[in-house]
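One structure is given here, and the rest of the page talks about it.
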Amino acid sequence: MNIEEALIKDSIKSIAELFGAEVTANQLQFQKTKKEFDGNITLVVFPLLKITKKNPELSGQEIGNWLKNNSTLVNDFNVVKGFLNLVLSNAIWLESFNAVLKTDDFGFNSVPSGKTYMVEYSSPNTNKPLHLGHLRNIFLGYSVAEILKANGHKVVKTQIINDRGIHICKSMLAWQKFGNGETPDSSGLKGDHLIGKYYVKFDQVYKEQIAELISNGKSQEEAEKEAPIILEAREMLLQWEAKDPTVYSLWKTMNDWVYEGFNATYKTMNVDFDTLYYESDTYIYGKDIVEEGLKKGSFYQKEDGSVWCDLSSDKMDDKLVLRADGTSVYMTQDIGTAIERFKDYPDLSGLIYTVGNEQNHHFKVLFSILRKLGYSWAEECYHLSYGMVELPEGKMKSREGTVVDADDLMSSIVNDAKEMTQERGHIDSLSETERETLYSTIGLGGLKYYLLKVDPKSKMMFDPKESIDLNGNTGPFIQYTYARIKSVMRNCENLPLICDNNMDLQEIEIEIIQHILDFPSVINKAGSDFTPAVIANYSYELVKLYNSFYQSVSILKEENQNLQDFRILLSKSVGEIIEKGMKLLGVNVPERM
RNA sequence: GGGCCAGUAGCUCAGCUGGAUAGAGCACCUCCCUUCUAAGGAGGCGGUCAAAGGUUCGAAUCCUUUCUGGCUCACCA
């Protein structure tokens with residue numbers, strides 16, 4: 001039983017004895033006592049006035065008195081307006097802290113939930129390199145997957161790779177026409193960047209041709225449709241679908257280059273996937289489902305032969321699921337892919353899609369259709385929707401060249417971390433390799449933390465200058481505290497296992513214990529709300545408390561052995577929680593920095 | 001036009017199942033290294049929580065209206 005549960009129990013008893021009334025746990029509102037008042041936990045008495053039939057002040061006094069005399073938890077109390085501030089005994093805090101020390105993997109749910117979730121993230125197009133928007137997506141998806149694991153779920157990480165379609169043909173065609181056989185090896189470019197170069201090249205030529213056609217009297221629309229290079233690209237798409245050997249082998253070669261490039265980027269990011277889905281495989285899924293749905297009456301057919309789903313029960317417009325010519329639309333694929341995934345992983349409970357909020361409506365429709373088709377797991381599908389990343393100068397626009405490339409950003413941020421670490425770090429004892437690792441731990445940690453500390457749902461501002469900042473609410477700030485704790489541990493001769501239950505504690509020490517005790521519920525909330533941001537904010541608060549403690553009391557120089565043991569253990573415990581919290585964000589922590 | 005989301009300090013963000021005088025960081029201004037890592041700490045400055053109504057003991061939080069911004073309402077993906 002945790003402290004709040006015990007307090008609720010005692011409070012229920014107090015009200016029964018004092019006022020002869022039964023209250024339920026949710027009528028008792030406990031909150032952390034505000035800094036400016038004495039106490040640790042506060043009972044808000046306003047909701048109880050109907051029962052006490054006395055004014056707030058008096059009600060608080062009576063309940064406080066009863067608790068002080070009858071509850072082993074409560075040492076003292078004071079009442080301010082309608083707030084009953086309770087001072088709990090040191091022993092309670094120390095007992096709870098000792099319980100934390102004895103818990104394996106404190107904060108993580110050790111009981112398997114029996115559920116498996118598939119988390120989809122990244123899911124890039126194979127025609128250009130990853131950019132800043134992907135970074136938010138990837139860090140978010142990875143982190144949520146880790147958080148779900150910490151909540152006792154099994155997780156399968158995946159992506160759907162958009163490897164076919166007209167956009168892929170564009171870069172293939174441009175390479176064929178203008179590439180002179182250039183390869184990643186011959187050019188020294190990463191595969192994804194090489195392909196991206198030809199995608200841009202295509203667009204240039206296309207624009208030139210459009211301009212020329214317009215100057216010859218065509219309308220914008222006509223010109224866009226009739227430019228020779230776009231006609232060639234469309235032709236190539238047809239050849240690809242017919243599995244033309246030349247086109248197909250070119251496609252394979254170029255995609256392999258891209259994958260090699262992506263894999264290098266994922267490695268730098270330190271993220272991974274358990275299984276991959278390729279759109280070139282999955283685009284044919286879904287048609288059979290539509291047939292079935294039509295038979296079952298979940299869908300209907302129009303006169304032209306196109307198939308639709310009636311979503312009026314969910315207050316949405318009807319959705320096309322198959323064109324009149326029998327070809328698939330995006331939705332058809334998504335329906336098929338979802339069902340296919342449940343076939344591949346029969347014990348799956350639900351799917352989490354990490355996709356930008358411009359597709360909110362799409363996923364609402366998708367889940368609605370899946371429900372209509374009778375799949376009960378549709379209830380456990382979730383669109384992990386995130387807001388756009390904006391730059392100080394506005395939105396990223398590829399046409400205006402304001403796209404922030406993922407590889408460039410990561411390497412420049414690691415480089416910044418390097419400079420700052422060389423300036424002020426404690427790195428004398430580190431080898432060259434260890435230093436390089438440290439730079440990337442700090443740089444990438446800072447970047448990930450920056451992108452994850454904001455609630456996923458809201459759009460966010462990415463200021464490159466601020467993202468490499470080391471002070472305040474940042475990754476390096478948290479990493480620094482961890483390194484400090486590690487340093488204390490290195491200087492400490494024997495590590496105690498458990499601490500005494502009877503000693504005087506500083507206010508700040510109690511606050512830290514109190515914060516530590518919140519860790520499990522924070523992980524729980526992060527998991528049920530799919531938001532790493534609460535882990536980031538929690539960790540930041542913990543670190544601030546610890547830094548304040550570190551500054552105001554001495555740990556290893558404390559002469560009272562019991563107190564010293566306690567402070568060492570408190571430090572150790574904070575360090576472990578930082579490490580776990582950061583791990584859930586995909587952020588590494590350094591032994592020294 | 002319909003739907004969804006957002007608007008909190010100069011800037012970036014917490015807080016939103018209603019609770020005390022609305023919190024952090026950055027920036028700006030003071031202090032603190034003979035102490036276990038100063039990438040730190042202590043303090044100051046800074047707010048009509050977009051606006052107006054309503055609900056109530058109590059509203060940044062819930063409801064209504066308005067304003068502003070974003071996304072969306074494709075036989076694109």
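In the text below, chain A, chain B and the rest are named by the order of the sequence lines, each starting its count at 1.
For the C1' atoms, the distance from rA20(B) to rU61(B) is 16 Å, rounded to whole Å. For the P atoms, the distance linking rU56(B) with rC63(B) amounts to 16 Å, nearest Å. On the P atoms, rG3(B) is 29 Å away from rA9(B), given to the nearest whole Å. rG41(B) sits 15 Å from rC36(B) when the C1' atoms are compared, rounded to a whole Å. The C1' atoms of rC5(B) and rA50(B) are separated by 16 Å, rounded to the nearest whole Å. The P atoms of rU55(B) and rA60(B) are separated by 16 Å, rounded to the nearest whole Å. As rounded to the nearest Å, rG40(B) and rA27(B) have P atoms that lie 10 Å from one another. Atom name C1', nucleotides rG54(B) and rG47(B): the rounded distance is 24 Å, in whole Å.
Residues forming a salt bridge (Lys or Arg N to Asp or Glu O under 4.0 Å) with D192(A) (at least two apart in sequence, or on another chain): K190(A).
Judged by closest nucleotide on RNA chain B, M460(A) is the one of M460(A) and S548(A) placed further toward the 5' end. Each of N360(A) and K32(A) has a nearest nucleotide on RNA chain B; the 5'-most of these lies closest to N360(A).
At the heavy-atom level, D455(A) lies under 4.0 Å from the strands shown only through sugar-phosphate atoms. The residue S385(A) sits apart from the nucleic acid: no heavy atom pair falls under 4.0 Å. The residue N26(A) sits apart from the nucleic acid: no heavy atom pair falls under 4.0 Å. Base engagement by Q31(A) is indicated by at least one non-hydrogen atom pair under 4.0 Å involving a base atom. Looking at heavy-atom distances under 4.0 Å, V553(A) makes contact with a base. The residue F477(A) sits close only to the backbone: its heavy atoms come under 4.0 Å of sugar-phosphate atoms, none of a base. Across all strands, H426(A) comes closer than 4.0 Å to base atoms (heavy-atom distances). Within 4.0 Å of K34(A), counting heavy atoms only, lies at least one base atom of the nucleic acid. K486(A) comes within contact range of no nucleotide atom at all, as no heavy-atom separation falls under 4.0 Å. In this structure, Q29(A) reaches the bases: a heavy-atom distance under 4.0 Å links it to at least one base atom across the strands shown. Across all strands, D334(A) comes closer than 4.0 Å to no nucleic acid atom at all (heavy-atom distances). Nucleic acid contact for I166(A): none, since no nucleic acid atom lies under 4.0 Å from a heavy atom of the residue. Within the 4.0 angstrom heavy-atom criterion, no nucleotide atom of any strand lies near T481(A). When heavy atoms are screened at a 4.0 angstrom cut-off, E591(A) is found touching base atoms of the nucleic acid.
Within residues 526-540 of chain A, the residues that have a heavy atom under 4.0 Å from RNA chain B are, in order of number, N537(A), Y540(A). Listed by residue number, the members of residues 314-325 of chain A with any heavy atom below 4.0 angstrom from RNA chain B are D317(A), L320(A), R323(A).
Taking the six-membered ring for Trp and thresholds of 30 and 60 degrees, H515(A) and Y538(A) have nearly parallel ring planes, at less than 30 degrees apart. The aromatic rings of F367(A) and Y353(A) sit tilted relative to each other, their planes meeting at an angle between 30° and 60°.
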Could you list the donor-acceptor pairs under 3.5 angstrom formed by side chains in residues 463-472 of chain A, with sequence neighbours left out?
residue : atom : partner : partner atom : Å
D463(A) : OD1  : K465(A) : N            : 3.1
S467(A) : OG   : P464(A) : O            : 2.8
D469(A) : OD1  : N471(A) : N            : 3.1

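The backbone N or O of N40(A) sits less than 3.5 Å from a side-chain atom of Q514(A), completing a donor-acceptor pair. Side chain of Y206(A) to backbone of E224(A): a donor-acceptor contact under 3.5 angstrom is found. A donor-acceptor pair is defined here as one N or O able to donate and one able to accept, closer than 3.5 Å; no such pair exists between the side chain of Q506(A) and the backbone of I508(A). A distance-only check finds no donor-acceptor pair linking the side chain of T441(A) to the backbone of N588(A) [under 3.5 Å].
To the nearest 0.5 Å, atom CD of residue E62(A) and atom CD1 of residue I15(A) are 11.0 Å apart.
K372(A) and D310(A) are not joined by a salt bridge, as no carboxylate oxygen comes within less than 4.0 angstrom of a charged side-chain nitrogen. Under a 4.0 Å N-O distance rule, the pair E511(A)/K35(A) does not qualify as a salt bridge. In summary, E291(A) and K287(A) do not engage in a salt bridge, as defined by a charged side-chain N under 4.0 Å from a carboxylate O.
Pairing for rU30(B) goes to rA42(B), judged as Watson-Crick or G-U wobble with the two contacts each under 3.5 Å. Pairing for rC62(B) goes to rG54(B), judged as Watson-Crick or G-U wobble with the two contacts each under 3.5 Å. Nucleotide rA6(B) forms a pair with rU68(B), judged by Watson-Crick or G-U wobble geometry with both contacts under 3.5 Å. Under the Watson-Crick or G-U wobble criterion, with both distances below 3.5 Å, rG1(B) is paired with rC73(B).
Judged as a side-chain hydrogen bond (donor to acceptor under 3.5 Å, both in side chains), the pairs with a partner in residues 299-309 of chain A (not counting sequence neighbours) are, in order, Y300(A)-D318(A), D304(A)-S306(A), S306(A)-W308(A).
For RNA chain B, the contact window with chain A, defined by any atom under 4.0 Å from a protein heavy atom, covers rU12(B) to rA77(B) in 5' to 3' order.
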| said: Walk me through whether F549(A) and Y546(A) qualify under ring pair (Phe, Tyr, Trp, His ring centres under 6.0 Å). | reply: CA-CA 5 Å; F549(A) 157 82; Y546(A) 184 82; 5.4 Å; yes
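Syn is the glycosidic conformation of rC33(B), whose angle stays within 90° of 0.
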